[in-house]
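Inspection log for the structure reproduced underneath, given as structure tokens.
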Amino acid sequence: MNYIKFKFIVLLCLISVCASAQNIAVKGVVKDTSGEPIIGASVLEKGTTNGIITDLDGNFSLQAKKGSVLVVSFIGYKTQEVTVNSVQSLKITLLEDSKTLDEVVVIGYGTQRKEAVTGSVASMRGDDLRQIPTGNVTAALQNRVAGVEMTQTSSKPGAGMQIRIRGVRSLSASNDPLIVLDGIPFAGSINDIDPNSIKSLDILKDASATAIYGSRGANGVILITTIRGNAGQKPQVTYNGYYGIKNAIEFPMMNGPEFAELRRQAARTIKDLGLSASPVTNSEDESDETNTNYQDLMYRTGVITNHDINVSKGTDDGNYAFGASYYLDQAPIPTQQYSRLALRASVDQKLGKYMKVGLSSNSSYSLSQGSQINTGDALASSPLSNPYNEDGTIKRAVKSGPTDIYKVWTKDLLEKADDKWMSDTKSFASYNSLYGEVSTPWIEGLKYRINVGLNVRTTKGGGFTGIGVTSTTDPNAPSSASVSNALTTNWAVENMLTYDRTFNKHNINVVALYSAEQTHYDRTHVAVRDLPADHFQYYDLSKAEGEVTITPNNQGYYESGLMSYMGRAMYSYDDRYMASVTFRADASSRLAKGHQWHSYPAVSLGWNLHKESFMQDFGWLDQLKLRVGYGETSNQSVNPYQTLGLLGTNKYNFGTTYLTGYELSQLPNPKLGWEYTTTWNYGLNFSLFGNRLSGTIEYYSQHTKDILLSVNLPSTSGVGSYMANIGETQNRGFEISLNGVILENVNGWTWEAGVNFYHNQNELLSLASGQDNDEGNWWFKGHPINVIYDYQKIGIWQENDPYRNILEPGGNAGMIKVKYTGEYAEDGTPVRQINTDDRQIIEVDPNFQGGFNTRVAYKNWDLSIVGGFQNGGTLISTLYGGTSYLNMLNGRHGNVKVDYWTPENTGAKYPRPGGITSADNMKYANSMAMFSGSYMKVRTITVGYNVPKSFLEHLGVNDLRLYATVQNPFVLFSPYNNETGMDPEPNSLANENQAVTTQYANTGLAVVGYNTPATRNFLFGLKLTF
Amino acid sequence: MNKIYAKFMLGVGLILSFASCSDILDEEPRNIFEPGFFETEQGVVGGLTGLYESLRHVYGQPYYYGALEAGTDEYTYGSQADGNFKNADLSIQGSIPDAANSRFDVLWNTAYSAINNASAIIDNGAAAGVADALTAEARFFRAFYYFQLVQSFGGVPLDLGSGELKANTTPSRVSTRNTVPEVYSRCIFPDLLKAINDLPEQSRLTGTVTKNVARLILAKAYLTYGWWLENPNNIPTYPECPRTDPDGKDKTWYFQQAYDISLYAIANPGPYALQPTFYDVHLWTNDRNKEIMLYADHNEDNAVYNEGNVTGWDGSPDGDNSAQNQAVWMVTWYFQNVQSSTVAGSWSGKSPFQRTVKAGQKFSRMWSRMAPIADVFEKAFAEKTLDSRFDATFVTTYPATYQYGTNPPSVLYNANYMPIKPGDFAVSFLPKDPGGIDYSNSVYKSNSGLGVLPGRADYVVALDKISRTVFPGLWKLGIARKGTDYNDDKVSSTRPFNILKFSEFYFIAAEAAVKGATGSQSARDLINVIRARAGKWTYSVAEEAPKNVDNSTAVIAATPATITIDYILDERSREYFGDGLRWYELARTQTWKERCSTYKISATVGQTPTVVPRYIETYMYLRPVPTSQLDRLEGDEAYKAAFQNPGYE
């Protein structure tokens, strides 16, 4: 990646040059392959301490013995040796070294040379992350790192993704990883972090690496380091911007003629089978000749744009960087958008010889709008309905059949309603960390460091629905408005002593930490009805004439503190044998007194085989490292105040006297503790053929016990539940990452490719004692946590299929055939009808998944592709099931386009319209929502052009890159995409964006609902450095 | 200089790290109540509010309502029924309410929590210095819920984990059932006697319990226990025990007590009274009238305290939707499927009905989960003109309400292409089939199979030919509201759900008298008080017009000379049809099987009704303990099986 410069200076040597009589003066200049001077490169006379660093123009001069060898090195470049023959002016060109580019990784409370890492750490540079043009870190990380699964849980602009590192382990507590921003545990929302500000992102996956975060390490740790200036760096300004358009990928709904035919077929079924149901007939708004596409009427072309500017400079004793960015992401749904303004600054300053202080500050203001709008009405509206009055004006609402009415929303109407129908979320967040570092002059390698984190995040939500705006019938329907305010403050103080020293071949690094932190959160929410005029919006609720509602569930408060001691020792011998030992003790306010302290040990070992003498014959082997690690961690699964028990409240009206009632809803449990996860990790790193092929293979086994569960007590105990630590889960899996340089500058061609691939097997080992399953929560021993518990469709009943009268009394040919698990009589006849015992445990997690990226460069042009894939698993598309009411197959609501059964079309996948139902939907409707989760998806294709330096020099510009990107261009190998044309990734959580949101017991499952449609984006951008 | 920096930095570090650390591990909740609050006076009083609130989770809860009505001689399952109602109806072979799907779980899962809170109030009340009159309300609720449980399930546990009738403080996953006589004699009777002694005459707040409310339950409990001791049809009890009273009394004593208490309450009604007409009892503007002694309250003014939305969709502001009153949805047919024509002479369909609460008490949201059996109109409500109760129970005429829709036409054309305006009847159910009704829908496409009679603008259906799809609505529970700001029907009912009526004293006394109790009034005397009132009209729901008629004499004249249990049950159906009492009445009198083993309903509206058998077994007189209870118990299969009522293995 030659457009990336990784300018980072390590001051190896500050010892002054001493001259001697036999010395000759050597002068020279050090440049990179593009002719740019390298500032701060080290020039050292081999075997001595005689050396110097290059100046701002890359020049150096020193006295050296004639015939001696100069070692010229700079981080990120291959070290070169030059023999000094006579007084001369040397021209030294350093070649970039792709291997050493990422030599240092952030490991939490410090950094470590990659070669010495013994835990499972995946690193990603900011520039690689930004290959995906998105405002969201999580979206940029999707499919990029083995073992790190990003799941889209909302397709709305600005929505973050659900992050799972090596699967899920907790049933009711959070499975989110800990995020650490510039060394301080992050108390905000990941959306607040501007990807433009990221220098590197390091993911700690196994417990030997995360145990230093103790009670918060179980779900993995993501360490984010923001951009800082580099020592000795000239002032540099970087601008990066792109602009793009977003086009909706429409949900595949039946058009007018198809829908009219569906109604005819449904009516025919009712008649043929003599059912008592009423066929759905055209309402006064509908006619068979009409063909309205409500999605076309509604969607716009969205805009996505980003502008980022960064300034940095460094000197020998300090550096700074600051920048700002603006990001806008518009949904195809009018008025729905997310914008963010971010500011960042960092300063490092040396104070004399032994002290260093600094700060980094990342602040952002974001505004999210229009989240109240989804596509539900547009999809449910009948395509046979005519949204226009005779005079050409748009109707307020249209009827779909006799019973259902939907508001008509067109682009224009939504845009006009912009200030009358609002859902705004305004967030300001500021994350700041300061440090001071003192080196002790009397003990070499000993440092004291204090980190102070001061963070604040405030969110204001405002909702407003103006008079009659959303009512289907009543233009005077009263307005409603709500306001919420939430505030999070967090402080953290860390006192750290580090000792880092190399004695001959022994390297020792020891860290001791004492830290404390506290997080405070509060939230209020008030809603009112009936503001007399629309101009108040949500700004003055006192003007409301209707009910004021302060809903208990929308208020919040907690304060939670954590105190910790940590020690870590890392030792390596000759870079061959490495060991790391960690111990952390955490005390949390969330636990009851006397039960607050818990401790977490971890140990890991590494062996660089390639450094052994017996390996020296394998010249093609550049690296071969074996690692093994063990550690214990937990997640802060106990919510504040949970050990105290709970008196539930409820509300009651005695006529018009309003009182609050209390009931004992949860018994106290002072013994409540964390969930504990122990992890074994085995890793292999290798690099072959001159670092042309490198990779990592890992296998892990995680076991989580004392899982926090609300134990449902039998009703006869009089109390609903109590919290307890019971239950066990485990995750086992492997991860493979490979990176290769297939062509390295062959006639100007370079081709690089990377792939990652991982598999995780999750299993619920036990629940409360004596309990093998919890059907209500869809938890089953011996199965993964993420399962569906429902009937499984195995086909469609055909006219002559045997046993239908036994299995499905009252059913009809053309209905869904589900799996029967009951007994059979001796003659093969099933003994009973299908009942709830026939529900199946259907796994959701994929067999394996991963990502790939490739880059082909020719001279100044390059083409890069980033994509991902998944094999197996279940995609739940509620559009096709019963919960969204969009596949009712009776013509009541708009219907997804499906191939349904009729007496003439018996090979169809979907059941006979108008046939047997269960409540409103086709019987076993939810079995139609399950699709194979397999897909391969190209996320972005980018074509870039780097303007030649020769041309830029005249302009005073260092780098200029132009690029065009298409996002989400195509999907392969996806049965769901093949059938529906839709994006094979979920867009909602299971309790959102459906007509009925209660049927998926595991509400953490991600599903496809009628959220904002997926888009295909086209972007153009440029990056400029001067 | 550097030394100063270093000292400064160390100082800052020490201050920041130690100054605040002493208390960061302490917890001080600011938005929850700890259980300790329940031991304060305010907590105790709030606990009582919680007990009233618990009523909402049972009364008006649509599936429990279904469990008490489907499968009786009032309702069967409707066209949109799901398993909840089909199983309860017992008319589909192999489909019965079992441990997994019987909706008596609603009662089971609510009652013990209320009982536990009541015990906590009783235990804590004295210590917190709370007046006896207040703790007496808790005693009432404990007895009330135990009474519901014992009627439904047989003997149930009195010890929830911390001792008999003690508030539970330990997470207990074991339970032992007491016997029926133990539940009555150790809890229900003593609690109610103490409650009657301590409760006030007048309500503390609108709708709170009084001496007479406790008397009503005690009278009913004595009556029910009398029947249990007698056990005329040899119905098994569980846990098995001899049918003898630990207090040494016999059934006669209990019947007499039921009679005496009822007559005392009738003579000393306190704040309660019969309404002048049956219509007045259920008219929504007259909610919380003096005849209603206990109800699960709701109102339309405050969604939070109503625990159900008052605009928009059903649901509740706090996300817990289990406190909503949705009962009437279950018994409302899809009247909105009916179509008229926008033009005369050729058919262009449009519904004459707009679904909205503005349309009044006749129009509720339709779910069509239950339909009345056709027998209802031939037996209990055979007499439809003198007695006002048929008129004020059902919706038999449906006026057009299309004016509430958008861009309403000024007129629609209905049956015979005759014009109807808003308020004109678009559909009528005819008490008697005049013959000649054309249900073909060949010209006038009602879209619901309704019939047409020459010369009538309204579609007509003969009451004996109703189906599971088309049937009269239940006017009594119909949803209506004062506010005019809401033009939809998707929110749950904002009316209180009635639980106990003063009129029941007459029925309890009459039933006790039939069972041998004696006193100043005979069963016939008592029943005739109710029937006399039923003869009085001030308004006709069907005609939508005032109707000042007093048919009392004629109605009384029709009362048989000898009152039997069957007659009382018929009379109860006339008085309490669709109130969610029916299964208990049939179970108490052990007449469920004999009265409900068949029913009639038409397969399609207008067809001759077919007789449908029900598969009622004796063991079903005890409802199954819900699966969730058995799943959560800690014990082996044998223990769990023994906990379940026999027959539901």
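Just so you know, these numbers come straight off a predicted model, no measurement behind them. Computation of the quantities below employed the complete heavy-atom set of this structure, encompassing side-chain atoms and omitting hydrogens, waters and symmetry-equivalent molecules. We name chains A, B, ... by the order of the sequence lines, and we start the count at 1 in each one.
For a residue to count as touching a neighbouring chain, one of its non-hydrogen atoms must lie under 4.5 Å from one of that chain's; by this rule Q833(A) touches chain B with the side chain only. Only the backbone of Q666(A) comes within contact range of chain B, with heavy atoms under 4.5 Å apart. Proximity to chain B (any heavy atom under 4.5 Å) is shown, for R832(A), by neither the backbone nor the side chain. Contacts of S348(B) with chain A are absent, with no heavy-atom separation under 4.5 Å from either backbone or side chain. Contact of A111(B) with chain A is not made at all, since no heavy-atom distance falls under 4.5 Å. If you measure heavy-atom distances from E28(B) to chain A, the contacts under 4.5 Å come from the backbone alone. When heavy atoms are compared at a cutoff of 4.5 Å, Y486(B) does not approach chain A at all. Residue T716(A) touches chain B through both its backbone and its side chain, counting heavy-atom pairs closer than 4.5 Å. Only the backbone of T169(B) comes within less than 4.5 Å of a heavy atom of chain A; no side-chain atom from C-beta onward does. Interface remark: S283(A) contributes backbone atoms only to the contact with chain B (heavy atom separation under 4.5 Å). Using a 4.5 Å cut-off between heavy atoms, Y641(A) contacts chain B through both its backbone and its side chain. With a 4.5 angstrom heavy-atom cutoff, T472(A) touches chain B only via backbone atoms. Neither the backbone nor the side chain of S721(A) comes within less than 4.5 Å of any heavy atom of chain B. At a 4.5 Å heavy-atom cutoff, the contact between L562(A) and chain B is made by backbone atoms alone. The contact between Q42(B) and chain A is made entirely by backbone atoms, counting heavy-atom distances below 4.5 Å. Residue contact with chain A, scored on non-hydrogen atoms closer than 4.5 Å, involves the backbone and the side chain of P29(B) alike. With a 4.5 Å cut-off on non-hydrogen atoms, N389(A) touches chain B through its side chain but not through its backbone. Contacts between V310(B) and chain A at a heavy-atom distance below 4.5 Å involve the side chain alone, from C-beta outward. Using a 4.5 Å cut-off between heavy atoms, E34(B) touches chain A through backbone and side chain atoms alike.
Applying side-chain contact (heavy atoms from CB on, under 4.5 Å) to S717(A) and the options N168(B), L160(B), L633(B) leaves one that passes, N168(B). For the side-chain contact (heavy atoms from CB on, under 4.5 Å) with Y305(B), the lone residue among L659(A), T657(A), T660(A), T549(A) that qualifies is T660(A).
In terms of heavy-atom pairs under 4.5 angstrom with chain A, the leader among N306(B), D287(B), T206(B) is T206(B). Of the listed residues (E559(A), E494(A), Q596(A)), the greatest number of heavy-atom pairs within a distance under 4.5 Å of chain B belongs to Q596(A). Considering only heavy-atom pairs separated by less than 4.5 Å from chain A, the leading option among N299(B), N337(B), L149(B), I115(B) is N299(B). Counting heavy-atom pairs under 4.5 Å between each of R529(A), R590(A), K651(A) and chain B puts K651(A) at the top. For the options N109(B), V470(B), N321(B), heavy-atom pairs under 4.5 Å to chain A are most numerous at N109(B). Taking G50(B), G161(B), G47(B), P171(B) one by one and counting their heavy-atom pairs under 4.5 Å with chain A, the maximum is reached by P171(B). Comparing E27(B), K350(B), Q629(B), Q336(B) by heavy-atom pairs within less than 4.5 Å of chain A, the highest count is held by E27(B). Taking A527(A), G661(A), G810(A) one by one and counting their heavy-atom pairs under 4.5 Å with chain B, the maximum is reached by G661(A). Taking G207(B), A303(B), S54(B) one by one and counting their heavy-atom pairs under 4.5 Å with chain A, the maximum is reached by A303(B). Taking chain B as the reference chain and counting heavy-atom pairs below 4.5 Å, the highest number among P279(A), G561(A), S715(A) is found for S715(A).
Atoms CD and OG1, from E663(A) and T110(B) in turn, are 9.5 Å apart once rounded to the nearest 0.5 Å. Between the CG atom of L646(A) and the CD1 atom of I32(B) there is a distance of 5.5 Å, given to the nearest 0.5 Å. One finds the OG atom of S351(B) at 8.0 Å from the CD atom of E284(A) (value rounded to the nearest 0.5 Å). S628(B) OG to L713(A) CG: the interatomic distance, rounded to the nearest 0.5 Å, is 11.5 Å. We find the CD-OG1 distance between E547(A) and T311(B) to be 8.5 Å, quoted to the nearest 0.5 Å. Atoms CG and OG, from L25(B) and S589(A) in turn, are 6.5 Å apart once rounded to the nearest 0.5 Å.
Counting only heavy atoms from C-beta outward, the side chains of Q555(A) and N31(B) never approach each other to under 4.5 Å. At a threshold of 4.5 Å between non-hydrogen side-chain atoms, the residues R56(B) and Y652(A) count as touching. Side-chain contact between N116(B) and V719(A) is present, with at least one heavy-atom pair separated by less than 4.5 Å. You'll find the side chain of D26(B) reaches within 4.5 Å of the side chain of K593(A), heavy atoms only. M563(A) has its side chain within reach of I24(B): a pair of non-hydrogen atoms, C-beta onward, lies under 4.5 Å apart. By the 4.5 Å heavy-atom criterion applied to side chains, K445(B) and T281(A) are not counted as neighbours. Proximity of Y658(A) to D301(B): side-chain heavy atoms (C-beta onward) are separated by under 4.5 Å at one or more points.
Nearest approach of T170(B) to L667(A), heavy atoms of both residues: C-CD1, 3.6 Å. Between P35(B) and G645(A), the closest heavy-atom pair is CD-C, 3.6 Å. The minimum heavy-atom distance between Q339(B) and N282(A), with the atom names listed, is OE1-O, 4.1 Å.
Using modelled atom types, one finds a donor on one side chain and an acceptor on the other under 3.5 Å when comparing N650(A) with E53(B).
Between the side chain of D297(B) and the main chain of G655(A), a donor-acceptor pair closer than 3.5 Å is present.
Scored by the side-chain contact (heavy atoms from CB on, under 4.5 Å) test, D522(A) finds L487(A), H520(A), Y557(A) as partners (sequence neighbours excluded). Listed by chain and residue number, D489(B) satisfy the salt bridge (charged side-chain N to carboxylate O under 4.0 Å, His left out) test with R355(B) (two or more places apart in sequence, or in another chain).
Crowding of K395(A) atom NZ: a count of heavy atoms from other residues, nucleotides or ligands under 6.0 Å exceeding 12.
Ring to ring, F37(B) and Y662(A) are close: their centroids are under 6.0 angstrom apart.
Taking the six-membered ring for Trp and thresholds of 30 and 60 degrees, F654(A) and Y52(B) have ring planes more than 60 degrees apart, a perpendicular arrangement.
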